[in-house]
J.: 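Right, I'll just put the structure down here and ask away after.
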Amino acid sequence: MISRRILQKKSFISGARYVCSAYVNKCVPPSSSVKKTLILGFPQFTSVSASSPTQFDLKSSYAIKKCGFSTEAVLDQPVGEVIDVPLAQTGEGIAECELLKWFVEEGDQVEEFQPLCEVQSDKATIEITSRYKGKVLQILYGPGDIVKVGETLLKMISGSQASTLISEALNETLPLPSDTFETGSEGVSFDKNHKGGVLSTPTVRHLAKEYGININDILGTGKDGRVLKEDVLKYAANIGLCQLVAHPQASSTEQLQIKEEDTACALSLDGCNFEDTRMPLRGFPRTMVKSMTMAAKVPHFHYLEEINCNSLLKLKASFQNDNSDPDVKHTFLPFLIKSLSMALTKYPIVNSSFNEELYEVILKGSHNIGVAIATPNGLVVPNIKKVQSLSILEITKELSRLQQLALTNKLSSEDISGGTITLSNIGSIGGKFGSPILNLPEVAIIAIGRIQKLPRFADDGSIYPASIMNVNVGADHRIVDGATVARFCNEWKLLIEKPELLILHTR
């Protein structure tokens, strides 16, 4: 942040109108006293000399001799001030994220750059860190909530005085600078229609959300008016959403049962429990709905071929037998990826994208080959960058890294974005055939079936066992014609059936 420093030497320079309070002491002699008032929301400092009646008034341009610029760091927020921590822009085109989990709770002390929460966008899972040092005052969203970019995630008190200030803040109405607060002559009043207007934990907010209750309508019985779980349950019982049932062994404890649960329990005893379940889509499944809906509008062309993998099996077995690195496990996929890259070099139209607005085909220079991975959080397609410049061993290590990150939901936006063509290895689950849908804006996608032992005829008419793999190439028929797909697939098939050609063409 650029602050402005006032120097009392030369003539006034127009354009510098506001002064950071951190530098006021440099503008006033040691024997002066400083008085601060607010004018139009900005601090105005008046310097009164002890030995002279002359005043230093920032409203008067004649009193300022010179204004200059300084790059010295200034704190964004004064110590002890309540700060809104918003959801920052997590990537290009991202408008909202799902809140997965919190790493902090209300009342926790937070250090600068400490992780606050984990969110998931359409592209990746991201940790939100704190820009300030302070203490968490209020958490406004719970896990599973959808938060739009720019909305406040939590409020915190900055600085080392947060420990003492937070107790005062909980006992008094917080004068937060927001449209939801009204300032009167007697102080500041709170607007309960604002989201997060009452104190409560994310778990309690989530419970209220399940009942369809506005938590701001509930009168909290906890400390400082905090809404507790019992308050939500009692409120739900009062409006008829559930009923109170006293626990037979603990008269002082009240337990709630939802009416719908009682009915469902009775039906289950009769073996007639067939209730529907609503499951909101979040994260990668939500993204897949959008991408597949767009892809369904594109005319697809599919080309099916079978490939003999006898030679590839022998090569893979020899690599694995001579492998001395326990962290490296050789599979078929890195060979398929490298051979695919070599085929793309000969047919670059398959490694392209289409700009509908400009009617323009973009031939991609890099072979960023994506691999579809099924995870507990949904289907995700990270890609290996610049495959044409990687060895098979490097592809193996990068593929292993991406798979581990995908399974732990730790892929970055860089890992997911920038793909130019996609491989879907349905054979790893057991399928023989697949009819893949394009991963736009790419113009081609390939589904790979499992390798199976089948009888085949040799040129002399004899029968021999062959390890056959079916591949299905799906292409955007607006850009790629059937003949091009067939020639491309023949080139790729040749490199797989004769893997020694990989060595011949490797740079």
Side-chain angles (χ1 to χ4, degrees), residues 300-323 328-347 349-351 367 369-374 384 387 391-393 395-396 399 421-438 444-475 477 480-506:
H300 283 58
F301 170 81
H302 288 95
Y303 180 84
L304 182 64
E305 180 62 280
E306 67 174 37
I307 301 176
N308 189 329
C309 297
N310 282 348
S311 299
L312 184 60
L313 284 171
K314 294 178 182 178
L315 182 61
K316 178 250 181 183
S318 64
F319 278 12
Q320 189 61 37
N321 292 335
D322 296 334
N323 181 26
V328 175
K329 181 182 179 181
H330 291 286
T331 61
F332 300 105
L333 200 52
F335 295 93
L336 301 178
I337 292 173
K338 185 62 180 179
S339 58
L340 176 63
S341 175
M342 289 187 174
L344 291 175
T345 302
K346 193 170 182 179
Y347 296 92
I349 189 65
V350 184
N351 190 63
H367 298 169
I369 300 178
V371 179
I373 301 175
I384 302 173
V387 174
S391 66
I392 293 178
L393 182 59
I395 295 172
T396 300
L399 180 61
I421 189 171
T422 298
L423 280 178
S424 179
N425 187 15
I426 192 67
S428 61
I429 302 176
K432 299 178 182 180
F433 303 95
S435 183
I437 306 298
L438 287 173
I445 183 172
I446 304 173
I448 305 170
R450 66 181 176 89
I451 298 176
Q452 51 186 334
K453 213 72 160 175
L454 297 174
R456 287 297 182 265
F457 286 95
D459 294 337
D460 59 359
S462 60
I463 299 177
Y464 68 97
S467 300
I468 301 299
M469 176 181 68
N470 292 297
V471 297
N472 191 342
V473 182
H477 211 359
V480 187
D481 57 72
T484 302
V485 173
R487 294 188 185 99
F488 159 74
C489 195
N490 289 337
E491 181 70 18
W492 186 37
K493 176 181 178 179
L494 179 63
L495 293 171
I496 295 174
E497 293 184 341
K498 297 182 178 180
E500 61 272 11
L501 294 178
L502 290 174
I503 302 174
L504 183 62
H505 295 287
T506 300

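In this chain, numbering begins with 1 at the start of the sequence shown.
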J.: Please report the closest heavy-atom contact between Ile468 and Asn308, naming both atoms and the distance.
T.: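 Nearest pair, atom of Ile468 first, then Asn308: CD1-CA, 4.1 Å.
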J.: Any donor and acceptor pair, going by atom type alone, linking the side chain of Glu305 with main-chain N or O of Val471 inside 3.5 Å?
T.: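 No: the side chain of Glu305 does not pair with the backbone of Val471.
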J.: Is there a donor-acceptor pair under 3.5 Å between the side chain of Asn310 and the backbone N or O of Ala466?
T.: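 Flag not set: sc Asn310 to bb Ala466 has no pair under 3.5 Å.
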J.: I'd like to know if the side chain of His302 reaches the main chain of Asn472, judged simply by a donor and an acceptor atom lying under 3.5 Å from each other, with no hydrogens or angles considered.
T.: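 No.
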J.: Report yes if some heavy atom in the side chain of Leu336 is under 4.5 Å from a heavy atom in the side chain of Ile496; otherwise report no.
T.: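 Counting from C-beta outward, Leu336 and Ile496 do come under 4.5 Å.
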J.: Are any non-hydrogen side-chain atoms of Ile307 and Leu312 less than 4.5 angstrom apart?
T.: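 No - every pair of side-chain heavy atoms lies 4.5 Å or more apart.
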J.: Are Phe488 and Leu340 side-chain neighbours, meaning at least one heavy-atom pair lies under 4.5 Å?
T.: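 When only atoms from C-beta onward are counted, Leu340 and Phe488 do touch, with a gap below 4.5 Å.
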J.: Do Leu393 and His330 have side chains that get closer than 4.5 Å, going by heavy atoms?
T.: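 Yes, close enough: below the 4.5 Å cut-off.
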J.: Would you say CZ of Phe457 has more than 12 non-hydrogen atoms from neighbouring residues, nucleotides or ligands within 6.0 angstrom?
T.: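 Counting other residues, nucleotides and ligands, CZ of Phe457 stays at 12 neighbours or fewer.
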J.: Would you say Asp460 has more than 12 foreign heavy atoms packed within less than 6.0 Å of its CG?
T.: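 For Asp460, atom CG is crowded (more than 12 foreign heavy atoms under 6.0 Å).
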J.: Rounded to the nearest 0.5 Å, how far apart are CD of Glu500 and OG of Ser311?
T.: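 Result: 6.5 Å between the selected atoms.
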J.: Taking side chain to side chain contact (heavy atoms under 4.5 Å, CB included) as the criterion, tell me which of Val350, Val387, Ile349 meets it with Leu344.
T.: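 By the side chain to side chain contact (heavy atoms under 4.5 Å, CB included) criterion, Leu344 pairs with just one of Val350, Val387, Ile349: Val350.
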J.: Between atom CE of Met469 and atom NZ of Lys493, what is the distance when rounded to the nearest 0.5 Å?
T.: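 One finds 10.5 Å between CE of Met469 and NZ of Lys493.
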J.: What heavy-atom pair brings Leu438 and Gly474 nearest, and what distance separates the two atoms?
T.: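 Smallest heavy-atom distance, with atoms named: CD2-O, 3.7 Å.
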J.: Hey, could you give me the CG/CD1 distance between Leu423 and Ile448, rounded to the nearest 0.5 Å?
T.: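 Atom-to-atom, Leu423:CG and Ile448:CD1 are 4.5 Å apart.
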J.: Check Cys489 against Val473 and note the closest heavy-atom contact, atom names and distance.
T.: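 Scanning both residues, the minimum pair turns out to be SG-CG2, 4.2 Å.
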J.: So, for Val328 and Gln320, which heavy atoms are closest and what is the spacing to 0.1 Å?
T.: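 Shortest heavy-atom separation between Val328 and Gln320 comes out as O-NE2, 4.5 Å.
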J.: Using modelled atom types and a 3.5 Å cut-off, is there a donor and acceptor pairing between side-chain atoms of Ser339 and backbone atoms of Phe335?
T.: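 Side chain of Ser339 to backbone of Phe335, a donor-acceptor pair under 3.5 Å: yes, one is there.
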J.: Quick one: CG on Leu315 to CD1 on Ile392, what's the gap to the nearest 0.5 Å?
T.: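 Result: 7.0 Å between the selected atoms.
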J.: Do side-chain atoms of Ser341 reach the backbone of Ile337 as a donor and acceptor pair under 3.5 angstrom?
T.: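 No, the answer is negative, given that no donor and acceptor are paired below the 3.5 Å cut-off.
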J.: CD1 of Ile369 to CG of Leu399: how many Å apart, nearest 0.5 Å?
T.: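 Interatomic distance, Ile369 CD1 to Leu399 CG, rounded to 0.5 Å: 11.0 Å.
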J.: Can you confirm whether Arg487 is buried at CZ, in the sense that more than 12 heavy atoms of other residues, nucleotides or ligands lie under 6.0 Å from that atom?
T.: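 Open: at most 12 neighbouring heavy atoms sit under 6.0 Å from CZ of Arg487.
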J.: How close do Ser428 and Asn425 get, heavy atom to heavy atom, and via which atoms?
T.: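 Residues Ser428 and Asn425, closest heavy atoms: OG-O, 2.8 Å.
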J.: Drop me the distance from Lys432's NZ to Ile451's CD1, to the nearest 0.5 angstrom.
T.: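 Those atoms lie 14.0 Å apart.
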J.: Hey, are the side chains of Leu494 and Asn490 touching, using non-hydrogen atoms and a 4.5 Å cut-off?
T.: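 Not in contact.
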J.: For the residue pair His477 and Phe301, categorise the inter-ring angle as parallel (less than 30°), tilted (30 to 60°) or perpendicular (more than 60°).
T.: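 Tilted.
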J.: Quick check: do Lys338 and Leu495 have side-chain heavy atoms less than 4.5 Å from each other?
T.: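 Of all side-chain heavy-atom pairs linking Leu495 with Lys338, none is under 4.5 Å.
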J.: What pair of heavy atoms forms the shortest contact from His367 to Thr345, and how long is it?
T.: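 Minimum heavy-atom contact is CE1-OG1, 3.4 Å.
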J.: Compare all side-chain heavy atoms of Ser467 with those of Lys453 and state whether any distance is below 4.5 angstrom.
T.: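 Side-chain contact under 4.5 Å: yes.
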J.: Side chains of Phe332 and Leu313: does their closest heavy-atom pair fall under 4.5 Å?
T.: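 In short, these two side chains touch, coming nearer than 4.5 Å.
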